[in-house]
There are 2 protein chains.
Amino acid sequence: MSKPTDNCGFAAAIKMIEGKWKVDILCELGTASRRFGRLRQAIPEISEKMLAQQLRELEADGLVDRKVYPELPAKVVYSLTERGMALNTAADALCRWAEQFSPVAEASTQVYAAPAPS
Amino acid sequence: MSKPTDNCGFAAAIKMIEGKWKVDILCELGTASRRFGRLRQAIPEISEKMLAQQLRELEADGLVDRKVYPELPAKVVYSLTERGMALNTAADALCRWAEQFSPVAEASTQVYAAPAPS
DNA sequence: CCGCATCCTCTTCGATACTG
DNA sequence: CAGTATCGAAGAGGATGCGG
């Protein structure tokens with residue numbers, strides 16, 4: 001492939017967090033490590049299926065760590081990896097960007113009667 | 001709603017650029033202003049429908065400016081707004097993050113101790 | 001040249017039920 | 001408690017044709 005995004009790692013970063021619930025999960029884990037059930041409570045709208053799926057993707061991308069305690073009943077704890085925490089830091093720039101321009105809605109459907117350029 | 005992401009503008013930022021081709025378009029417009037047809041050439045895999053649709057969404061979010069020249073044949077030029085350019089700046093942090101931990105192919109299945117990739 | 005409308009396909013997601 | 005499996009609905013996305 002030779003898409004323009006191949007040059008900048010931005011696309012790769014977005015790919016990792018564009019999932020429907022990824023940001024919520026990362027935000028929650030950014031607060032503290034959580035068990036599976038605790039995450040469900042924190043994000044009530046998500047289904048078990050999606051939570052498990054998104055967590056596995058985040059784990060595959062090296063953003064989330066998964067620790068299994070072979071107790072009974074089962075216990076699994078999720079936490080951010082170093083990389084995941086670094087993402088939260090990097091995301092801060094985007095946070096400030098979003099807040100900076102928050103309520104702008106200027107219509108720019110302007111029509112120009114310009115000379116033919118090329 | 002009361003999701004954890006409501007507090008940080010990060011989710012809002014992601015929403016604006018999580019479209020399948022948004023990053024490509026923004027990257028391309030980050031280089032220079034482009035006409036519709038020129039964008040299609042730059043991103044060959046995208047269909048006309050998606051390009052038009054994504055551009056309208058980006059315009060609605062105030063990231064892209066659309067200038068119509070009522071010539072014949074029609075001519076429309078797209079460019080980044082101030083906000084769009086600011087996004088590219090903010091995205092830089094994410095770029096560096098992605099590159100920092102980039103494709104570290106730490107194959108756990110790889111057992112040999114031989115060096116020398118040709 | 002730009003881009004909208006229609007049709008059709010493929011993926012995604014939610015709901016439910018079941019296992020260790 | 002922490003998942004997996006299956007099904008059906010909903011939406012995203014591609015192809016094509018028409019209109020300004």
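None of the values given here were measured: they were computed from a predicted structure. Order of the sequence lines sets the chain letters (A, B, ...), proteins ahead of strands, with each chain counted from 1.
- In the 5' to 3' direction, nucleotides of DNA chain D lying under 4.0 Å from heavy atoms of chain B begin and end at D/dG13 to D/dG20.
- Within the structure, every side-chain polar atom (N or O) of B/Arg34 is placed at least 4.0 Å from both OP1 and OP2 of C/dC1.
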Sequence neighbours left out, cut at 3.5 Å: what donor-acceptor pairs do the side chains of residues 66-77 of chain A make with other protein atoms?
from    : atom 1 : to      : atom 2 : distance (Å)
A/Arg66 : NE     : A/Tyr78 : OH     : 3.3
A/Lys67 : NZ     : A/Asp65 : OD2    : 3.1

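- Residues satisfying the side chain to side chain donor-acceptor pair (under 3.5 Å) criterion with A/Arg38, sequence neighbours excluded, are absent altogether.
- Residue-level contact check: B/Arg40 touches neither bases nor backbone, having no heavy atom under 4.0 Å from any strand.
- Considering CG of B/Leu58 and CD of B/Gln53, their distance stands at 10.5 Å, rounded to 0.5 Å.
- Here B/Gln54 pairs with nothing under the side chain to side chain donor-acceptor pair (under 3.5 Å) rule; sequence neighbours left out.
- Looking at residues two or more places apart in sequence or on another chain, you find a side-chain contact (heavy atoms from CB on, under 4.5 Å) between A/Asp61 and A/Met16, A/Leu63.
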Per-nucleotide protein contact string for nucleotides 15-20 of chain C, where B marks a base within reach and S marks sugar-phosphate only (heavy atoms under 4.0 Å, - for neither) | B----B
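- For A/Glu48, the side chain to side chain donor-acceptor pair (under 3.5 Å) partners are A/Arg40, not counting sequence neighbours.
- A/Asp24 places its CG atom 13 Å from the P atom of C/dC13, with the value rounded to the nearest Å.
- Take A/Glu18 and apply the side chain to side chain donor-acceptor pair (under 3.5 Å) test, not counting sequence neighbours, and it matches no residue.
- The residue A/Tyr69 sits apart from the nucleic acid: no heavy atom pair falls under 4.0 Å.
- Legend: residues meeting side-chain contact (heavy atoms from CB on, under 4.5 Å) with A/Ala91, ordered by chain and number and at least two apart, are B/Phe10.
- In this structure, B/Gln54 places its CD atom 17 Å from C1' of C/dC2, rounding to the nearest Å.
- Summary of the strand contacts: B/Arg38 and A/Ile46 both lie near DNA chain C, and taking for each the nucleotide with the nearest heavy atom, the more 5' one is attributed to B/Arg38.
- Taking 4.0 angstrom as the limit, B/Arg35 places a side-chain polar atom (N or O) nearer than this to OP1 or OP2 of C/dC2.
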